[in-house]
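Scroll down for the structure; my scribbles are underneath it.
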There are 2 protein chains.
Amino acid sequence: MNDDPDIRQVLWQLAFQFKVSSKRAVRDYDLPLNGMHIRLLHMIRRHPDCTAQQIASVTGRDKAQITRVIKELEGMALITRTPDPEDRRAQLLSLNEKGRGLMARIKDAEDDVKKTLLKGINKKDQNTFIEIGNRMLDNLREH
Amino acid sequence: MNDDPDIRQVLWQLAFQFKVSSKRAVRDYDLPLNGMHIRLLHMIRRHPDCTAQQIASVTGRDKAQITRVIKELEGMALITRTPDPEDRRAQLLSLNEKGRGLMARIKDAEDDVKKTLLKGINKKDQNTFIEIGNRMLDNLREH
DNA sequence: TTCATATGGTTGACAACATCAACTAGTGAA
DNA sequence: TTCACTAGTTGATGTTGTCAACCATATGAA
């Protein structure tokens, strides 16, 4: 009844193997980053002048975690924080030159993983997977 | 160019939200377990008299981690370890009465998550998702 | 204006999971 | 018997997730 190819098994294993592959790619490309660094760099590039709070809310992560990762990224001189003129509690985040430079190598590493992941899977199936996956995500997020 | 619904984003978020939901279900059902405990209990139930090595190899996890989780499960008196008569290095794992009893409650908790996850997604789409997911898994696993 | 309350961010502490290396004890083949 | 290999254990350390307490600022109601 619940013994056959179980969706939870697939999700669990897929998450794990995907993480393993990503980690290996990051090492192969000699990037001084971990997964969370990379995700945040993406978000900051995509949403310039966003705040830590926005990132926390979009990703669903705890703001404490976001704070720490941002501090590390700033420590590596990849991003800059400027006080929000409209709200002095908040700080606007953006990639600096070095950060933008790193993104190119990050993209290469990620494309390696993506290429492996999607080998032999046609565009239509990819989109189907993403579409169903997003529906599941919506289900989980709305409690 | 790579800005559209990205498959990595979906995998990353799905893994995270799935973990969050599972964790909440485990808490709601007052189970004294974490995710890894539950996965191993499943495996041991499905493959009676399996060894730690087999679990490590099937799941792709480090054997050190498996050792520790098994020790915890034994400490909670959910499984028993009996020396393999054919190989005195190995130990055969199996659920005991208490372990089997817990599985019922685990199943309830997991079914809650599954029900949320799959709400409004028909059987055909579920199978499609699993099928494509497994192909991705194969891709990742074969290097 | 003032006060209660809410929000953005920081910090500390800790749990869960992953990784790597070194080690013991047992196996099996030359 | 010796040597390479395997099952399992232990220690150390890194990454990610969670919770609670806290500071500074913002905002709405009295």
**Request:** Determine, for nucleotides 25-30 of chain C in 5'-to-3' order, which nucleotides have protein heavy atoms under 4.0 Å from the base (write B), from only the sugar-phosphate (write S), or from neither (write -).
**Result:** BBS---

For atom [atom1] of [X] and atom [atom2] of [N], their distance in whole Å:
X        : N       : atom1 : atom2 : value
Leu40(A) : dT16(D) : CG    : P     : 10 Å
Met36(B) : dA15(C) : CE    : P     : 17 Å
Phe18(B) : dA16(C) : CZ    : P     : 17 Å
Lys23(B) : dA16(C) : NZ    : P     : 8 Å
Asp84(A) : dA24(D) : CG    : P     : 19 Å
Ile55(B) : dT9(D)  : CD1   : P     : 11 Å
Leu92(A) : dG8(C)  : CG    : C1'   : 12 Å
Arg24(A) : dG14(D) : CZ    : C1'   : 19 Å

Hey, does the side chain of [X] come within less than 4.0 Å of [N]'s phosphate (OP1/OP2), counting only N and O?
X        : N       : answer
Asn34(A) : dT16(D) : yes
Arg27(A) : dT15(D) : no
Arg81(A) : dT10(C) : yes

**Asked** Relative to the 5' end of DNA chain D, which residue comes earlier, Ala52(B) or Gly35(A), by the nucleotide with the nearest heavy atom?
**Response** Ala52(B)

**Counterpart residues, salt bridge (charged side-chain N to carboxylate O under 4.0 Å, His left out), relative to Lys119(A) (two or more places apart)** = Glu142(B)

**Asked** Taking for each residue the nucleotide of DNA chain C bearing the nearest heavy atom, is the 5' side occupied by Lys19(B) or by Gln54(A)?
**Response** Gln54(A)

**Item:** Interface with DNA chain C, restricted to residues 57-73 of chain B and to heavy atoms under 4.0 Å
**Value:** Arg61(B), Asp62(B), Ala64(B), Gln65(B), Arg68(B)

Do the charged groups of [X] and [Y] touch, with an N to O distance under 4.0 Å?
X        : Y         : value
Asp6(B)  : Lys114(A) : yes
Arg89(B) : Asp84(B)  : no
Glu74(B) : Arg68(B)  : no
Glu97(A) : Arg100(A) : yes

**Request:** Would you check if there is a donor-acceptor pair between the side chains of His47(A) and Gln54(A) at a distance under 3.5 Å?
**Result:** no

**Request:** Could you tell me the separation between the CG atom of Leu118(B) and the CZ atom of Arg135(A), rounded to the nearest 0.5 Å?
**Result:** 10.5 Å

**Request:** Check each of Arg61(B), Met36(B), Met43(B), Gln53(B) against Ile66(B) using the side-chain contact (heavy atoms from CB on, under 4.5 Å) test, and report the only one that passes.
**Result:** Arg61(B)

**Message:** Is it the case that the side chain of Asn96(B) and the backbone of Ala77(B) share a donor-acceptor pair, with hydrogens and angles ignored and the cut-off at 3.5 Å?
**Reply:** yes

